[in-house]
Structure formats: structure tokens, C-alpha cells
Amino acid sequence: MSERIPEHRYTAELAGRIEAKWQDRWEAEDTFRSANPAGPWAEPDDPRITRGHRYVMDMFPYPSGAGLHVGHPLGFIATDVHARYLRTTGMNVLHTMGFDAFGLPAEQYAVQTGQHPRVTTERNMEVYRAQLRRLGMGHERRRSLATMDPDYYRWTQWIFTQIRESWYDPEATSRDGRGTGRARPISELVAELESGERATPDGRPWAQLSAVERADVLDAHRLAYVSAAPVNWCPGLGTVLSNEEVTADGKSERGDFPVFKRNLSQWMMRITAYADRLVDDLDRLDWPEKVKLIQRNWIGRSTGANVSFVVGTPGGTRETLRVFTTRPDTLFGATFMVVAPEHPLLDSIVPTAWPEGTDPAWHQGEETPLAAVAAYQRMASTKSDVERQADARAKTGVFTGAFATNPVNGARIPVFVADYVLMGYGTGAIMAVPGQDQRDWDFATAYRLPIVRTVQPPEGHPEDEAFTGEGPAINSANDEVSLDGLGVEEAKERIIAWLAGKGLAEPTVTYRLRDWLFSRQRYWGEPFPVLWDEDGVAHSVPDHLLSVELPEVPDYSPRTYDPEDADSSPEAPLARATDWVHVELDLGDGRGVRPFRRETNTMPNWAGSCWYHLRYLDPANEEAPVDPAVERYWIGPRPEPVASAPAGATDPGGVDLYVGGVEHAVLHLLYARFWQKVLYDLGYVSSEEPFRRLINQGMVEAYVYRDARGFPVPAAEVEEHPSGDGGPATYTWQGQPVTQEHGKMGKSLKNVVTPDEMCEQYGADTFRVYEMSMGPLEQYRPWETRAVVGSMRFLQRLWRNVVDEETGEVTVTDAPLDEETDRALHRTIDGVRADYEALRTNTAVAKMIELNNHLTKLDVVPRAAVEPLVQMVAPVAPHLAEELWERLGHDGSLTYEPFPQADPAKLVEDTVTCVVQVGGKVRDRLEVPADIDPSALEELALASEKVQAFVDGAPVRKVIVRAPRLVNVVV
RNA sequence: GCCCCCGUAGCCCAACCGGCAGAGGCAGCCCACUUAAAAUGGGCACAGUGCGGGUUCGAGUCCCGUCGGGGGCACCA
């Protein structure tokens with residue numbers, strides 16, 4: 001250490017000592033402990049219980065082997081600052097941190113290093129814990145959890161069992177009595193089937209069904225069930241994936257491997273049963289509109305009607321072809337129909353020969369329709385979804401040889417098969433209305449099919465395009481009903497009513513959302529609490545036998561394949577643990593000890609994060625995932641709905657503040673909402689939503705510097721050369737010019753900066769202040785190490801305002817504040833409180849710097865000003881604040897010291913500067929009493945010499961007075 | 001193709017209900033301290049709000065168009 005640096009200067013080194021001291025102290029004193037009203041940790045007498053409560057939460061991290069870079073803690077610091085602020089208001093504040101320890105990244109890292117995932121994950125968690133501790137996080141340690149702990153996943157498995165042992169009854173009254181639709185125990189369904197109150201699918205009495213048949217009936221209702229269906233198979237990851245985990249271009253979200261559709265038997269969760277509530281309840285949440293929109297798009301609710309068409313078969317019988325349409329009003333314009341290549345009706349309606357007189361262009365060069373359809377199906381089946389989308393422009397298809405009858409006009413219309421119709425949406429069949437749908441128009445043009453407009457396009461609408469807009473119906477009448485002249489909405493209502501009267505249509509809602517594929521063929525996840533008996537019937541593991549612990553296996557790495565090998569099949573690593581798989585158990589169902597085979601799939605990593613917000617509340621509870629009274633206290637509905645909620649909405653409950661990245665807009669946030677609603681329906685929780693308020697923190701980006709070849713160069717070694725004339729700066733690396741751009745922070749871009757480096761060079765408090773003053777929490781912002789020094793200087797000045805750098809003596813005076821300082825102090829308190837309240841930490845820091853700079857200019861710093869400042873700084877720079885607080889002569893932590901109060905009397909100025917405008921332009925400024933009368937002010941303004949000069953004798957048309965700040969003279 | 005968000009000093013960002021464009025920080029320049037440099041402290045300068053219209057007494061703020069950046073959905077019937 002250089003002897004010229006004053007001994008008691010606030011350097012990184014001193015900051016480091018202070019920070020370690022207070023971190024030890026907080027831990028030893030359990031400073032951040034919050035109180036529970038009930039459950040194993042009940043402390044109902046804690047005075048905070050009745051003073052209000054706040055639950056502040058972060059999306060917990062994956063403990064990856066790479067550790068944290070400076071971008072990761074941004075949200076964590078923001079919630080820590082907010083939670084620390086809230087504690088100064090006397091409230092009971094819950095803020096903790098856990099780990100999303102299961103899942104692909106942890107497993108892949110373990111595979112790379114050749115060690116058990118538990119070992120590497122434990123180690124990574126230790127690194128994370130140390131890094132977060134070093135940043136001064138006020139997390140409540142006893143509430144921490146990791147999803148891989150058997151004590152935790154015991155309850156994940158328990159919840160799975162609840163979901164599997166339930167079914168969705170759309171007729172049941174909802175729990176709040178305001179609507180219909182609720183999950184109910186499967187036992188109630190069994191009772192209905194047993195008593196005959198509800199008929200079995202084929203009408204036989206329940207008692208006559210075999211065990212397997214009964215299981216099939218129940219599986220059709222269970223909220224977690226096994227189904228054989230086309231799923232996303234990702235050979236590169238060796239597992240199947242949910243729709244949410246596949247990107248729009250058909251790659252795995254993690255790893256970017258190709259994904260193929262394979263028909264496989266997999267576990268599903270019936271999230272579609274909750275589609276309506278998942279959409280509707282978004283209105284009751286205080287979430288970014290963007291995230292709500294993403295969820296609405298993903299669920300993709302669309303209302304319309306199913307309409308039945310009659311199709312003749314080669315055997316002379318008639319089949320019904322049902323289509324889904326959002327535009328039943330255009331039915332008179334339906335001139336052909338299209339079914340998806342996978343449509344089951346194709347087996348029965350395709351004739352052996354082409355009908356007389358059909359256009360040879362429809363035959364695709366095939367001798368018979370059977371051959372043409374088979375060839376087309378073959379072609380379509382070899383194309384992946386991605387390829388089908390890539391060919392989106394060119395419409396292909398073949399005539400099936402079959403004709404349907406348009407129910408409104410009896411027209412005989414041809415049925416085509418084409419891959420622009422998807423089996424997975426609606427009914428897999430459409431009525432094609434080329435006049436009002438551009439895709440149908442394109443197809444009709446290519447196949448020379450008739451086009452009838454049934455909505456009048458406006459003038460100037462191109463002749464060769466479909467018209468999809470609003471307009472009066474035309475060409476839409478038969479003997480019984482006419483739509484002509486009606487608008488789209490009225491026309492829809494009238495035609496549906498007419499069709500419904502004949503049993504040909506019913507209003508229908510369809511969704512883009514599919515059921516959630518819930519099984520994975522990986523090792524590092526929660527085992528399913530499911531046993532298969534010798535008949536192939538699945539049974540839930542009884543609750544008292546949970547948890548079903550992950551077995552040790554000789555090789556836990558999954559079997560992965562050539563990423564392009566679409567024909568490979570998943571193979572669960574747990575299947576290799578044969579001793580674990582085969583068990584003999586008594587399920588307590590009266591059938592005694594029987595042999596079972598354990599389910600060998602594991603849950604996706606989303607399972608653990610679906611309910612961790614509940615477990616944080618009551619982590620030591622061994623009777624339930626969470627004590628109901630504890631849940632109700634912390635996250636139960638509040639009396640007032642959120643501000644953005646529509647009239648009449650009630651508060652759904654949930655975490656008071658949840659902060660995390662927007663990348664979980666679907667996935668985690670959708671899945672967690674679904675589980676919460678099931679648990680709510682079953683009566684285990686009082687809150688209908690997990691997260692009442694959500695904020696997406698922005699990403700910390702970093703500058704990327706590239707050389708002439710375009711390769712990134714180490715950002716830390718780049719030199720900046722400001723241009724003399726105020727223009728943009730230039731940059732060099734080792735003397736050669738390099739270009740600057742924004743990018744992510746990452747190893748390959750050579751621009752990673754870690755929080756550990758920042759603590760080393762500046763201290764954790766400086767790092768926290770810098771991150772919080774870079775801009776609004778939601779915003780993306782570039783990291784700039786050079787700029788961190790500004791935050792350091794602020795804390796240094798604050799230190800110096802209290803402590804003599806040479807002697808270490810406290811230098812504050814007990815003299816009263818001068819008027820200016822007093823006003824500045826109260827203005828700052830008022831502003832900073834509001835900023836903390838609204839999570840505008842960047843402007844809070846600016847206000848504190850301003851006050852501190854003012855104090856710096858005084859000869860001696862008054863205690864009465866600097867003590868409140870230290871308190872205000874505490875949420876962002878907690879260690880420094882604690883240290884100064886102690887040196888100022890206080891005992892104990894200032895964590896719970898009440899936030900300073902602004903005196904309203906000191907916020908109002910005696911005199912203010914009034915701006916006088918002439919024609920909207922500022923022409924004069926007047927010092928006036930703050931409570932000046934508007935007419936007196938007007939008089940004063942008009943009397944101003946400068947105003948007189950600009951008015952220049954012109955007649956004054958109007959004077960706008962906004963006392964006391966503004967007068968505008970209009971001439 | 002459709003939808004959403006964002007454009008303010010060289011850079012990161014403030015600006016409440018439409019009312020003086022600037023709170024704070026970085027970089028720059030000057031000064032003090034220093035043998036010198038760094039660090040530190042003090043001071044100074046810098047934009048009329050991407051662009052074009054409109055509403056208004058008055059627009060960074062509201063409306064329309066346009067350009068640029070970011071994101072979501074996409075043969076969804």
C-alpha cells in the first residue's frame with residue numbers, strides 16, 4: 001500500500017474489510033429473519049406480523065459451473081434493495097433465495113466433468129452462495145432450498161400425485177362461486193361412474209370394466225395422464241420436449257438441436273383444461289403488458305363455430321366432416337374444403353376412381369384418388385414442420401375425389417387434402433372461403449376453383465386479393481335465411497342460430513395451447529411417484545412412501561444420439577437401475593404385496609420451479625407443502641385488486657413482487673400459474689395466482705470490440721481515444737483500430753466481467769450502487785467498467801463527510817442545520833422514499849448523490865443531515881451504511897431503523913420562480929410567493945418589462961395562469 | 001406478413017397530470033494538491049428530444065405517418 005493514500009480512506013481494500021465484518025454480523029445475528037404466523041416456525045407474537053407484510057422474490061438461478069457474471073445479480077440486487085427498504089417501514093419482509101438444481105444445464109455440466117450431478121451441483125451452489133453473500137444480499141438463509149433436495153422434491157412428487165389424482169369438471173361451481181370449472185379428486189369421478197350417475201364411454205356398467213379399461217377411462221380425465229401422441233423428440237438431447245421448449249424454427253430452446261415429431265407414449269399435463277382461466281386471470285395481475293401478450297398469444301384462444309358438412313363415401317354412405325371456422329358468416333362463399341393429410345376421415349371417403357369430369361390438374365398425375373392421396377400423405381409425412389412452414393408460400397394439395405355438400409346452399413364442393421391445414425388445430429379440416437381468406441384464395445387460384453365474394457370489399461380493394469376486413473355481407477341468402485347487408489358480427493350470429501336449429505353447428509372455442517408434455521428421458525430430475533402393475537395399470541405411490549428418491553446408477557448420463565437421427569428412440573437412464581425399478585409393495589388397496597415396475601421417466605426442470613414460492617413460506621413443514629394459514633398470511637388475496645385490473649376484479653393473491661427475465665414469459669410462468677390453479681381448486685392454497693406482480697429486469701449487455709477481421713478482442717484491453725471535437729470516440733487494441741458494438745456478455749465475445757472482480761477492485765457496495773444507477777430496472781443497458789468509479793467516488797465522499805481520512809475520527813457536528821441544508825434534506829427524503837417505493841433506484845441514487853455533494857461543500861457536516869442520508873443509502877450500500885451508523889455512535893444494525901420522515905412543511909418553498917411566456921416562449925422569470933393569488937400573478941406578469949417588450953403593444957388575447965409556476969400571455 | 005416495446009448531450013440516463021429540456025454518473029477541458037504521474041478535490045463546457053406532419057396558448061410527453069433498434073406470433077382456419 002502506498003504511504004500517500006490516507007490511512008482511513010474508503011478504498012476497495014477498506015470496503016472489503018467492512019463488508020466482511022457486516023456479512024458475518026448479519027449471519028451471526030440472523031438479521032433478515034422474517035416471522036411466520038403459524039406452522040412449524042410459528043412466531044405469532046412477533047410485532048411485525050401485524051404491521052403488514054411483503055413477499056419479495058427472485059427467479060432462482062441454475063447453479064451453472066461458469067459462476068456469475070455482472071449481469072446475473074442485477075435483479076437480485078434490485079430485490080435486495082427493495083426488501084431492505086421495506087424492512088425500514090416496519091413490515092414483515094420475506095426475501096430469500098434458492099436453487100433450480102435439477103435439469104439439463106446441471107446435468108450437462110456434470111456429464112462434461114464426469115462427476116455425479118449432485119456433487120457438481122452442490123459445489124456450484126456453494127460458489128453461488130459465496131458470490132451472493134459477498135454482494136451483501138439480505139436473504140433469509142433458513143428459508144433457502146434447492147429443488148434437488150429430497151425433502152423438497154418429496155412435495156413436488158406429492159403435488160404431482162394430487163394433479164394425477166384429479167380431473168377437471170367444467171360443470172362444477174368454481175371455489176369462489178363466481179363461475180364454473182374446477183379440478184376435483186378423481187375419487188369423485190369414480191363414485192359417479194360406480195353409481196351410474198355418469199355413464200361409461202361405451203355404456204357398460206363400471207363394475208364390468210376390466211382394470212385396464214377403467215384405467216383408460218380415468219386417464220381420459222386425469223390432469224396428469226399418459227398418452228400416445230406425436231411429441232417433440234430431440235435426439236441431440238436424448239429426450240422429448242414440451243412445445244414451449246421448441247423454438248419457432250423447430251430447434252430445442254436449449255442447445256439448439258433439431259426436434260422431430262415422433263409418436264411416443266408420454267406423460268402429459270392437462271393444462272388445456274385451464275386455458276380460459278389462464279387467459280382471463282391475466283387481467284387481474286400486475287404484470288408487464290408484454291408478458292401478458294406473449295401468454296395470450298401462446299394460449300391463442302379463438303372463438304368461432306364448428307360446422308358439419310356431409311360427405312359422400314364410395315360405399316354410398318354419408319360421413320360428417322366437421323370444420324372449425326372463425327368466420328361462419330362467410331359460409332355461402334365456401335367453394336371447396338381442405339383436410340389435413342393426417343385426417344382420419346380420409347380412410348373412408350376417398351373413392352377408387354376419379355369422378356367424371358374433374359379437372360386433370362387436380363389429379364397430380366395419379367391414376368386414382370387413392371394413389372394420389374397416399375402419395376401426398378407420404379410426401380407430407382416426410383416433411384418436418386419446419387419444412388412445411390418453409391414452403392408456406394406455395395400451396396400444394398390433391399383432390400380426394402370426394403365431394404361435400406355446403407349446408408347453406410346445397411352446393412356440391414370438392415374436398416382436397418393439403419398440408420396447409422394442420423391436424424393439430426381445430427378439427428384438422430376447413431371450409432375454404434377464397435373470397436375472404438388469402439390462403440384459400442392462393443389455393444383456389446392454383447387449382448382453378450371458383451371464388452365467390454360474400455363480404456363487399458371497399459372501393460379500391462385489389463381485384464386479385466381476398467378481402468378479410470369488415471363489410472356488409474353479399475351473395476349470402478337461401479330460402480330460409482339471408483345475411484345480405486349484415487355486418488360480420490350480426491351475420492355470424494344469424495347463421496349460427498340458423499345452423500344450430502338444424503343441428504349443424506355449435507359455437508366453439510379453440511386454443512393454440514396444447515397439453516404440457518411432462519416426461520423427460522434424463523437422469524437429473526424428480527422421479528415420477530408412479531408404479532406400473534403387471535396389467536400395465538399405473539398407480540400413484542402412496543403419500544407416506546414419498547419421496548421416491550433418485551437411485552444411483554452406474555451411468556447417469558442420458559443416451560444421446562446423432563442430433564439428426566430422427567428414427568432413434570428415447571431411453572430413460574433410470575431404466576438401467578433395475579433394482580430400483582422392480583419393487584414389491586403393498587399399496588394398501590386390499591390386494592396385498594404385488595410386484596411393480598417404477599416409472600423411469602423424470603420430470604422436466606420446470607416442475608420444481610412451479611411451486612417454490614410456496615415452499616419458501618414454510619420450508620420446515622413435514623405435514624404439508626405449506627401450512628394453509630402461512631400461505632394465506634403471505635400470499636392470500638388482498639382486499640384491493642391490482643391497479644390495472646378491470647372493474648369488479650378481485651385480487652388473485654400471489655407473491656408481492658417477482659423479478660426475473662422475460663425469457664420465462666411462457667414456460668415457467670405459465671406452468672407455475674397452472675399448478676397454482678390446480679392447488680387452489682383442490683383447496684390447498686387460498687391464492688389463485690402465484691405471482692401478483694412481476695417485473696422483468698433488463699439484461700446487462702456489454703461492449704464487444706472486433707478487429708478488422710471481425711474477431712472479438714479482449715474488451716478489457718481496448719483503449720478509447722476521444723475525438724477532440726466532441727464527435728464519437730475511436731478505439732484501438734494493441735495499436736490496431738477496432739470497432740465497438742453492443743452484445744451479450746460471454747466468453748466467446750471476450751467481454752465477461754465478474755462480480756468478484758468488481759468486489760476486488762471497488763467493493764460490493766460500489767458495485768451495487770453502480771448496477772442500481774445504470775438505469776431503470778426493466779431496461780437493457782451496456783456494462784462499462786470504466787464508469788464504476790463514479791459510484792466509488794460517491795461512497796468515498798459520503799465516507800469523508802463522516803470520517804476523517806487521516807485520523808479516522810468522526811467529524812460531524814451536532815449543530816443545527818442551516819435552512820438550505822434542511823430543505824435539501826427533506827426534499828431528498830421525500831423523493832428517495834418515493835423512488836424506493838416504485839423501484840426507481842437509479843433516481844434515488846441520483847438524489848442521494850445530490851444531497852451528499854451539497855454536504856461536501858459545507859465546512860463541517862451536520863449529524864442531523866448525514867445520519868438520515870446514511871439511513872437512506874443503506875438499502876443500496878448496506879455495509880458502508882452499517883459501518884458509518886456504528887461509527888456515528890449507534891448500537892446494533894440499522895436494518896430495522898425506521899426510514900427518515902420528510903417534514904411536509906419543509907417541502908413547500910416560500911417563493912418559487914415563475915416562468916412568464918409570451919406565445920409559449922419563455923421571456924421572463926419572476927420570484928413570487930408560493931401561495932400567490934392567480935390574478936395578482938397575472939397582473940405582475942403583464943407588468944413585466946420584458947413581457948411588455950415582446951407583446952409590443954399587440955392586443956393580449958388570452959392569459960393562461962398556472963399559479964405559481966407559469967403564466968403564458970397569448971397575443 | 002401481423003402485433004408489441006424503445007429512440008433526449010460523445011456515452012449511460014433524468015424530466016410527476018402536456019408547463020423553464022437536465023437530477024446523477026462516465027468520458028472531455030481547466031484549476032488545486034504533487035518533484036512527477038495516478039488517486040482525490042474544485043470548476044467549466046456540451047443536446048432542443050431519430051425524421052415529417054397534426055392537436056394545443058404551450059408537445060420530449062398526446063395523435064397520424066415514416067426511419068432505425070429490440071422482441072413476440074406466424075399456412076391457427
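As the structure is a computational prediction, the values presented were derived from the model and not from experiment. A note on names: the letters A, B, ... follow the listed sequences, proteins ahead of strands, and every chain is numbered from 1.
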- [ ] Tell me whether the centres of the aromatic rings in A:Tyr447 and A:Phe336 are closer together than 6.0 Å.
- [x] no
Open item on the list: Can you confirm if the aromatic rings of A:Trp783 and A:Tyr770 lie within a centre distance of less than 6.0 Å?
Closed with: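 Yes, the ring of A:Tyr770 comes within the 6.0 Å limit of the ring of A:Trp783, centre to centre.
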Open item on the list: For the C1' atoms, the ones on B:A27 and on B:G50, what distance do you get once it is rounded to whole angstrom?
Closed with: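 About 23 Å, rounded to a whole number of Å.
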TODO: Establish, yes or no, whether the cationic atom of A:Arg439 lies under 6.0 Å from the six-membered ring centre of A:Tyr420 and within 45° of the ring axis.
DONE: no
- [ ] Strictly below 4.0 Å, heavy-atom distances to any atom of RNA chain B: list the hits from residues 836-845 of chain A, or just say none.
- [x] A:Asn842, A:Thr843
TODO: Please tell me if the side chains of A:Gln917 and A:Val922 come closer than 4.5 Å, counting only heavy atoms from C-beta onward.
DONE: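 Yes, close enough: below the 4.5 Å cut-off.
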Task: Spacing between A:Asn852 atom CG and B:G41 atom C1', to the nearest angstrom - done: 13 Å
Open item on the list: Distance check needed: B:G58 P versus A:Leu966 CG, whole Å only.
Closed with: 13 Å
Open item on the list: Whether the side chain of A:Arg925 and the base of B:C20 hold a donor-acceptor pair under 3.5 Å is what I'd like checked.
Closed with: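 By the distance-only test, yes, there is a pair.
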Open item on the list: Could you work out, with salt bridge (Lys or Arg N to Asp or Glu O under 4.0 Å) as the rule, every residue matching A:Glu760, not counting sequence neighbours?
Closed with: A:Arg134
Open item on the list: Please compare A:Gln917 and A:Gln779 by the position of their nearest nucleotide in RNA chain B and report the one closer to 5'.
Closed with: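 Nearer the 5' end of the strand: A:Gln779.
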- [ ] Side chain of A:Trp298 only, please: which of B:C73, B:C76, B:G19 is the nearest?
- [x] B:C73
Open item on the list: Please name the nucleotide paired to B:G65 by Watson-Crick or G-U wobble geometry with both distances under 3.5 Å, or report none.
Closed with: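 B:C51 - that is the nucleotide pairing with B:G65, both distances being under 3.5 Å.
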Task: Sugar-phosphate, base or nothing in reach of A:Asp440, heavy atoms under 4.0 Å - done: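 No contact at all - A:Asp440 keeps every heavy atom at 4.0 Å or more from the nucleic acid.
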